[in-house]
Amino acid sequence: MNAPPTFESFLLFDGEKKITRENDTKVPNAAVFTINKEDHTLGGMIRQQLLKDPNVLFAAYKNPHPMENKVVLRIQTTSDYAPNDALMNSITDLISELSLFEERFREGLKDKQEGLD
């Protein structure tokens, strides 16, 4: 079979970075981030969170090839807001939202289990 070993889809190799940044020379105040060992799940969540920020002018992601486990994220922001800051703020907000979701889920599950007993 031609499929690569499954561990290659989530383990970083020696010297491989989780995220890299390149300045976008064609557009002002923009950057391209490559996130290794991730897929559409994380790419879509980060993009959606970025678009909630009024200082983000453009946010998009792509998966270059179905066999590559990486996401390329392009972010353009207003002149007084750095793309790095936008990405960090969106990730922080996303973690907060997911923590709240987990907490409410656990409470709902507990309430449901107590109601069945």
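Hydrogens, waters and symmetry mates are skipped; everything else that's a heavy atom, side chains included, is used.
One hydrophobic cluster, built from ILVMFWY side chains closer than 4.5 Å, holds both L98 and L50. In the hydrophobic clustering of ILVMFWY residues, with side-chain heavy atoms under 4.5 Å counting as a link, I46 and I95 come out together. F10 and I35 fall into different hydrophobic clusters, where Ile, Leu, Val, Met, Phe, Trp and Tyr residues are linked whenever their side-chain heavy atoms come under 4.5 Å apart, directly or through other members.
Looking at residues two or more places apart in sequence or on another chain, you find a side-chain contact (heavy atoms from CB on, under 4.5 Å) between N63 and H40. When the side-chain contact (heavy atoms from CB on, under 4.5 Å) test is applied to P64, the partners found at least two apart in sequence or on another chain are E68, K70, V72. The side chain to side chain donor-acceptor pair (under 3.5 Å) search around Q76 returns none, not counting sequence neighbours. Remark: R106 pairs with E102 by the salt bridge (Lys or Arg N to Asp or Glu O under 4.0 Å) rule, at least two apart or across chains. A search for salt bridge (Lys or Arg N to Asp or Glu O under 4.0 Å) contacts involving R47 returns nothing, not counting sequence neighbours. Under the side-chain contact (heavy atoms from CB on, under 4.5 Å) criterion, E97 pairs with Q49, K52, not counting sequence neighbours. The side-chain contact (heavy atoms from CB on, under 4.5 Å) search around D53 returns N55, V56, Y81, not counting sequence neighbours. Checked against side chain to side chain donor-acceptor pair (under 3.5 Å), D93 has no partners two or more places apart in sequence or in another chain. Partners of N23 under the side chain to side chain donor-acceptor pair (under 3.5 Å) rule, at least two apart in sequence or in another chain, are R21. Applying the side chain to side chain donor-acceptor pair (under 3.5 Å) rule to D80 yields the partners T78; only residues at least two apart in sequence or on another chain are considered.
Rounding to the nearest 0.5 angstrom, the gap separating the CG atom in N69 from the CG atom in L11 is 11.0 Å. Note: F58 CZ to T77 OG1 = 12.5 Å, rounded to the nearest 0.5 Å. To the nearest 0.5 angstrom, M67 atom CE is 10.5 Å from S9 atom OG. L87 CG to I91 CD1: the interatomic distance, rounded to the nearest 0.5 Å, is 4.0 Å. Between the OG atom in S90 and the CG atom in L94 there is a gap of 7.0 Å [rounded to 0.5 Å]. Interatomic distance, R74 CZ to Y61 OH, rounded to the nearest 0.5 Å: 15.0 Å.
Residue A86 comes nearest to I75 through the heavy atom pair CB-CG2, 4.4 Å, listed as atom of the first residue, atom of the second, then distance. Taking both residues in full, the closest heavy atoms of G43 and V71 are given as CA-CG1, 3.9 Å, listed atom of the first, atom of the second, then distance.
Between V32 and L73, every side-chain heavy-atom pair lies at or beyond the 4.5 Å cut-off.
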Would you mind writing out the side-chain donor-acceptor pairs for residues 12-19 within the sub-3.5 Å range, not counting sequence neighbours?
residue : atom : partner : partner atom : Å
E16     : OE1  : F13     : N            : 2.9
K18     : NZ   : N36     : O            : 3.1
K18     : NZ   : E38     : OE2          : 2.7

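Applying the under-4.5 Å side-chain rule to Ile, Leu, Val, Met, Phe, Trp and Tyr, the cluster around L109 extends to F105.
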